[in-house]
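Beneath this line is the structure, given in structure tokens, with notes to follow.
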Amino acid sequence: MKKLPRSFYLRPTIRVARDLLGTYLVRILNGKRLISRIVETEAYCQGDPASHAFNGRTRRNDVMFWKGGHLYVYFTYGMHYCANVVTGEEGAGEAVLIRAVEPLDGVDLMTRNRARPTGRKALGASQESMPAANLTNGPAKLCQALDIRREQDGTDLLGGEIYLLSASRLPASTIGRSKRIGIVKGTEKEWRFYVKGNAWVSKR
DNA sequence: TGGACGATCCCCT
DNA sequence: GGGGATCGTCCAT
């Protein structure tokens with residue numbers, strides 16, 4: 001398997017969102033490799049009122065305007081991080097939110113990362129009796145499992161810390177499409193893609 | 001300088 | 001199905 005080349009990310013955002021399904025997300029953490037497979041994405045495009053980039057470039061969303069193939073990580077609700085794959089040319093301001101992944105390797109470490117830290121209430125799940133799917137079936141959950149946070153904002157996906165490996169293209173019949181989740185504007189766009197029947201998809 | 005809000009998650013009802 | 005947790009960011013005073 002090879003890293004997805006820069007050219008992969010420079011294509012139209014909706015196509016990238018669909019083609020990211022099935023690719024392998026590798027996160028190197030303390031010398032260990034956490035490997036998962038992307039099973040759910042959402043596209044955020046130019047002129048899209050739901051996009052962080054809609055109101056222009058700021059310190060927070062700056063990475064979203066970088067050249068495709070970088071990781072845009074934002075902090076939300078006072079406690080959660082979400083990870084996006086930047087797409088398009090420099091200045092485009094488009095990205096794909098990674099909404100869910102299927103854990104493949106390093107599951108024990110992901111489970112520990114997801115466990116509730118002491119002193120925090122809402123952040124972190126109780127480690128006992130957590131269903132396997134609960135590990136990474138949501139954008140903030142997978143960031144917690146893979147320990148992706150502010151420090152990873154701007155990471156080059158062609159580097160060695162976080163990268164994506166190509167996979168054989170999924171048959172079109174196995175890909176589902178729907179409206180995006182958790183937004184109040186731009187809700188009519190069907191820019192969410194997911195692997196049909198996969199247990200780690202956030203909403204069935 | 002203050003206030004509203006958010007591409008969420010967890011837990012309880 | 002609903003509320004609370006919790007805080008950085010942005011824009012209006």
Side-chain angles (χ1 to χ4, degrees), chain A residues 13-14 16-18 20-21 25 36 38-66 68 70-88 92-101 103 110-155 176-194 199-204:
Chain A
T13 299
I14 291 174
V16 174
R18 190 193 60 203
L20 280 172
L21 295 179
L25 172 60
S36 61
I38 296 178
V39 298
E40 182 181 348
T41 61
E42 281 179 359
Y44 288 85
C45 302
Q46 276 185 6
D48 172 10
S51 170
H52 286 177
F54 184 66
N55 291 316
R57 195 165 177 165
T58 66
R59 181 188 275 98
R60 183 201 195 200
N61 66 20
D62 193 69
V63 171
M64 213 173 154
F65 290 85
W66 292 11
H70 289 88
L71 194 70
Y72 166 49
V73 181
Y74 66 85
F75 182 74
T76 191
Y77 292 104
M79 62 183 80
H80 295 305
Y81 295 98
C82 294
N84 303 254
V85 172
V86 177
T87 54
E94 302 200 347
V96 175
L97 172 67
I98 303 176
R99 283 199 56 90
V101 301
M110 293 187 210
T111 303
R112 285 201 298 278
N113 288 342
R114 284 275 291 127
R116 175 194 317 223
T118 54
R120 299 283 186 96
K121 196 156 185 193
L123 185 63
S126 49
Q127 194 163 349
E128 317 87 55
S129 75
M130 180 164 66
N134 194 35
L135 201 52
T136 54
N137 60 345
K141 295 181 188 180
L142 71 91
C143 281
Q144 196 183 6
L146 302 180
D147 197 30
I148 292 173
R149 38 191 170 170
R150 183 175 314 287
E151 291 76 26
Q152 280 68 48
D153 188 30
T155 300
R177 180 171 184 164
S178 80
K179 295 176 179 178
R180 294 173 294 180
I181 294 174
I183 56 173
V184 294
K185 289 171 286 190
T187 53
E188 75 285 356
K189 310 272 198 316
E190 294 212 324
W191 288 350
R192 170 176 176 255
F193 299 90
Y194 58 94
W200 281 267
V201 169
S202 66
K203 190 179 172 190
R204 313 296 297 272

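By convention in this document, chain letters (A, B, ...) are assigned in the order of the sequence lines, proteins followed by strands, and residues within each chain are numbered from 1. In this text, all values refer to a predicted model and were calculated from it rather than measured experimentally.
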Could you state the NE2-P distance from A/His52 to B/dA7, rounded to the nearest angstrom?
4 Å
Do the side-chain N or O atoms of A/His80 get closer than 4.0 angstrom to the phosphate oxygens (OP1, OP2) of B/dC9?
no
Tell me whether the OP1 or OP2 atom of B/dT8 has a side-chain N or O from A/Arg99 closer than 4.0 Å.
yes
Gap between atoms CZ and C1', on A/Arg59 and C/dG8 respectively (whole Å):
11 Å
Give the nucleotide from the list C/dT9, C/dC10, B/dC10 with an atom nearest to the side chain of A/Thr58.
C/dC10
So, A/Ser202 versus A/Glu40: side-chain donor-acceptor pair below 3.5 Å or not?
yes
From CE of A/Met79 across to P of C/dG4 the rounded distance in Å is 13 Å
Given B/dC10, C/dC7, B/dA7, which nucleotide is nearest the side-chain atoms of A/Met64?
B/dA7
Expressed as a whole number of angstroms, how long is the span from A/Leu135:CG to B/dC9:C1'?
14 Å
Minimum-distance nucleotide (side-chain atoms of A/Arg60 versus B/dT8, C/dA5, C/dT9)
C/dT9
Under a 3.5 Å limit on both distances, the Watson-Crick or wobble mate of C/dG8 is B/dC5
Ignoring hydrogens and angles, are the base of B/dA7 and the side chain of A/Tyr74 linked by a donor-acceptor pair under 3.5 Å?
yes
Check whether any side-chain nitrogen or oxygen of A/Lys185 sits under 4.0 Å from OP1 or OP2 of B/dA7, and answer yes or no.
no
Check the distance between B/dT8's C1' and A/Ile183's CD1 and give it to me in whole angstrom.
14 Å
Salt bridge or not for A/Arg57 and A/Asp62, using N-O below 4.0 Å?
yes
Backbone of A/Tyr72 reached by a side-chain donor or acceptor of A/Asn84 within 3.5 Å:
yes
Mind calculating the distance between CG (A/Asn137) and P (B/dC9) to the nearest angstrom?
8 Å
